[in-house]
Amino acid sequence: MSLSKTHQKHADAYLEKFMIGLKRRNRGQPEFHQAVHEFARDVVPFLDDKQAYKDARILDRMTEPDRVIVFRVCWTDDANKVRVNRGTRVQFNNSIGPYKGGLRFHKNVNISILKFLGFEQVFKNSLTTLPMGGGKGGANFNPHGKSDGEVMRFCQAFMTELYRHIGPNTDIPAGDIGVGAREVSYLFGQYKRLRNEFTGTITGKGLAFGGSLIRTEATGYGCVYFAREMLGTRGDDVKGKTCIVSGSGNVAQYTAEKLLHLGGKVVTMSDSGGFLHDPNGIDEEKLAWIIDLKTVKRGRISEYVEKWGGEYHKGKRPWGVPCDLAFPCATQNELEEDDAKTLVANGCHLVSEGANMPSTIEAINVFLDNKILFGPAKAANAGGVAVSGLEQSQNAMRLSWSREEVDLQLLEIMKKIHVSCVGQGKDGDFINYVRGANIAGFVKVADAMLAYGVH
Ligand code: NDP
Ligand code: 2IT
């Protein structure tokens with residue numbers, strides 16, 4: 001879709017005015033501004049001839065969360081010292097289903113980060129085709145270096161306040177950075193105890209107590225399934241491609257695993273300390289070692305080189321390593337404009353975002369200007385929350401589906417998301433997946449909001 005010059009000028013002016021207002025209302029929240037800007041620059045031109053949405057001020061309503069709950073979390077550490085953290089749940093929008101989205105425990109968690117994540121989640125969940133609204137929460141708690149007992153006491157204290165705001169038809173949290181199987185188990189155990197009921201109010205649970213097969217793998221697998229669909233539009237596939245992955249947590253691990261299944265060669269992984277480059281490739285044995293290192297031993301990626309060789313680059317990110325395909329799977333704004341230019345110059349022709357908002361707007365512009373295949377987070381990493389939705393369905397039916405069944409449903413959902421993005425993002429023979437995901441995600445939520453009238 002392209003507007004006439006006058007309409008484009010009008011849309012640009014409207015976008016500028018809208019962003020000035022949004023920034024004024026949400027001071028000191030740069031990540032939230034960024035997520036909204038990246039969305040609004042596609043949605044505003046789309047709204048140009050859609051008076052009903054404009055009269056209902058849908059964009060203004062969508063960028064204001066339904067509510068934000070902030071609470072104190074007090075716990076005692078192993079030295080018996082009292083610790084105080086801040087817990088938050090952003091219930092962003094429940095127009096198409098109960099609030100759904102992860103919890104992040106990381107030292108830099110703040111309201112800006114949780115609002116950007118909650119906002120993204122609304123449209124990501126809409127793209128999955130499942131009935132889920134959007135939310136996100138977390139705390140400025142750093143699980144690194146904490147004992148199991150400390151993590152347990154923190155999770156129990158966190159849930160002792162959060163439980164009154166969530167429920168299987170209200171708000172269903174899950175994991176995110178710093179919240180994996182161990183934390184979800186402590187959180188769910190405390191929820192069950194406080195409510196005296198066993199319902200699927202958290203997803204990502206252990207298999208013995210209502211978890212779904214493939215949920216652990218889902219975000220990473222989905223991110224590669226989406227990449228495969230994108231490659232398919234150019235008659236290409238993953239086989240034989242050199243791939244770089246950032247991060248070494250849940251999403252990075254299973255992105256790497258699926259790339260290996262499909263015949264790709266993974267040469268990098270990273271953590272907040274730096275990245276490892278193994279020119280011989282991280283094969284299944286090495287990856288199993290990394291998964292154990294990160295989920296059981298809770299070690300650092302630098303330890304890899306002592307065991308398997310390769311090079312460790314302290315304090316650096318992997319984007320300078322030549323590759324065909326790149327998968328940012330660590331955190332927001334980890335891939336900047338110069339990194340994007342380097343990737344393109346080195347011949348990288350696909351980027352599929354496993355993390356949320358890993359690329360800055362300037363980096364995205366480089367990818368779009370060079371017409372490479374670029375799968376934005378809200379489409380490419382939607383597989384995780386999609387399988388969370390399937391976990392909720394299984395909990396409601398008190399059934400559990402097989403690995404094959406869930407994996408097949410995940411694949412079908414990622415294909416549907418790809419079709420939706422193509423539908424709204426086609427621009428001559430180029431597919432702008434950013435616009436496609438933004439518009440396709442927007443329409444469903446906007447129509448529901450319109451139908452409800454003013455509230
Ligand atoms: P994990 O906690 O399992 O792993 C996070 C990884 O990212 C670790 O390797 C961590 O390194 C690294 N990392 C975290 N913060 C930074 C930072 N500031 N700079 C550099 N590296 C950092 O989290 P997930 O794998 O679950 O999440 C990764 C990304 O994927 C996030 O953006 C998350 O929002 C997104 N996501 C997750 C989904 C899920 O199902 N889990 C679903 C969809 C998106 P270190 O160990 O040193 O901290
Ligand atoms: O960003 C995300 O989509 C997640 N962290 C997963 C959310 C979920 O509810 O499974």
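Every number for a ligand or one of its atoms is a count from 1 in the order of the listing. These numbers come from a predicted model, not from an experiment. Heavy atoms only: backbone and side chains are in, while hydrogens, waters and symmetry mates are out. Numbering starts at 1 and runs along the sequence shown.
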Do Asn356 and Gln332 have side-chain heavy atoms sitting under 4.5 Å apart? no

Within the structure provided, determine whether Leu368 and Val434 are in side-chain contact (heavy-atom separation under 4.5 Å). yes

Heavy-atom nearest option to atom 18 (N) of ligand 1, drawn from Ile290, Thr331, Asn333: Thr331

Ala355 heavy atoms, cut-off 4.0 Å: which ligand 1 atoms fall inside? 29 (C), 30 (O), 32 (O), 35 (C)

Quick check on Ser270 - does any of its heavy atoms sit under 4.0 Å from an atom of ligand 1? yes

Is Gly180 near ligand 1, meaning one of its heavy atoms is under 4.0 Å from it? no

Within the 4.5 Å heavy-atom criterion, are Lys258 and Tyr225 side-chain neighbours or not? yes

Show the atoms of ligand 2 that are less than 4.0 angstrom away from any heavy atom in Ala174. 8 (C), 9 (O), 10 (O)

With the threshold set at under 4.0 angstrom, would you say Gln332 reaches ligand 1 through any of its heavy atoms? no

Work out whether the distance between some heavy atom of His144 and some atom of ligand 1 is less than 4.0 Å. yes

Option of least heavy-atom distance to atom 34 (O) of ligand 1 (set: Asp176, Val387, Thr203): Asp176

With a cutoff of 4.0 Å, is Arg317 in contact with ligand 1, counting heavy atoms of the residue only? no

Is there a donor in the side chain of Tyr221 and an acceptor in the side chain of Glu257, or the other way round, less than 3.5 Å apart? yes

Which residue and non-hydrogen atom of the protein lie closest to atom 7 (C) of ligand 2, and at what distance in Å? Gly102 N, 3.6 Å

Nearest neighbour in protein (non-hydrogen) for atom 9 (O) of ligand 2: Lys100 NZ, 2.7 Å

Note: ligand 2 atoms sitting under 4.0 Å from heavy atoms of Lys124 are 1 (O), 2 (C), 3 (O)

Heavy-atom contacts with His106 under 4.0 Å: which atoms of ligand 1 show up? List them by number with element. 15 (N)

Atoms in ligand 2 flagged as close to Lys136, the criterion being non-hydrogen separation under 4.0 Å: 1 (O), 2 (C), 4 (C), 5 (N)

Does the side chain of Phe154 come within less than 4.5 Å of Tyr186's, by heavy atoms? no

Please determine whether the number of non-hydrogen atoms from other residues, nucleotides or ligands lying under 6.0 Å from atom CZ of Arg86 exceeds 12. no

Ligand 2-proximal atoms of Asn356, by part, heavy-atom distance under 4.0 Å: side chain

Heavy-atom side-chain contact between Ile96 and Pro131 under 4.5 Å: no

Do the side chains of Pro376 and Glu38 get nearer than 4.5 Å, heavy atoms only? no

Any side-chain donor paired with an acceptor under 3.5 Å for Asn370 and Lys341? no

Report, in ascending order of atom number, the atoms of ligand 1 lying under 4.0 Å from any heavy atom of Gly354. 30 (O), 35 (C), 36 (N), 44 (C)

Give the atoms of ligand 1, by number and element, whose distance to some non-hydrogen atom of Arg104 is under 4.0 Å. 31 (C), 32 (O), 33 (C), 34 (O)

Using the ring centroid of each side chain, check whether Tyr191 and Phe158 are separated by less than 6.0 Å. no

Contact check, Arg215 vs ligand 1, heavy-atom distance below 4.0 Å: yes

Ligand-side contact atoms (ligand 1) for residue partner Thr219, heavy atom cut-off under 4.0 Å: 38 (C), 39 (C), 40 (O), 42 (C), 43 (C)

Among Gly383, Gly178, Pro358, whose heavy atom sits nearest atom 2 (O) of ligand 1? Gly178

Sub-6.0 Å ring centroid separation between Phe92 and Phe119: yes

Under 4.0 Å from a heavy atom of Lys294: which atoms of ligand 1 are those, numbered in the order shown and with their elements? 46 (O)

If you measure from each non-hydrogen atom of Glu120 to ligand 2, which part falls under 4.0 Å: side chain, backbone, both or neither? neither

For atom 25 (O) of ligand 1, what's the nearest protein heavy atom and its distance? Val251 N, 2.9 Å

For Gln253 and Lys294, which I'm curious about, is there any donor-acceptor pair between the side chains at under 3.5 Å? no

Looking at side-chain heavy atoms only, is the closest gap between Leu350 and Asp324 below 4.5 Å? no

At under 4.0 Å between heavy atoms, what of Gln392 touches ligand 2? The answer is neither

Measuring from atom 9 (O) of ligand 1, which candidate in Gly299, Gly102, Ser248 has the nearest non-hydrogen atom? Ser248

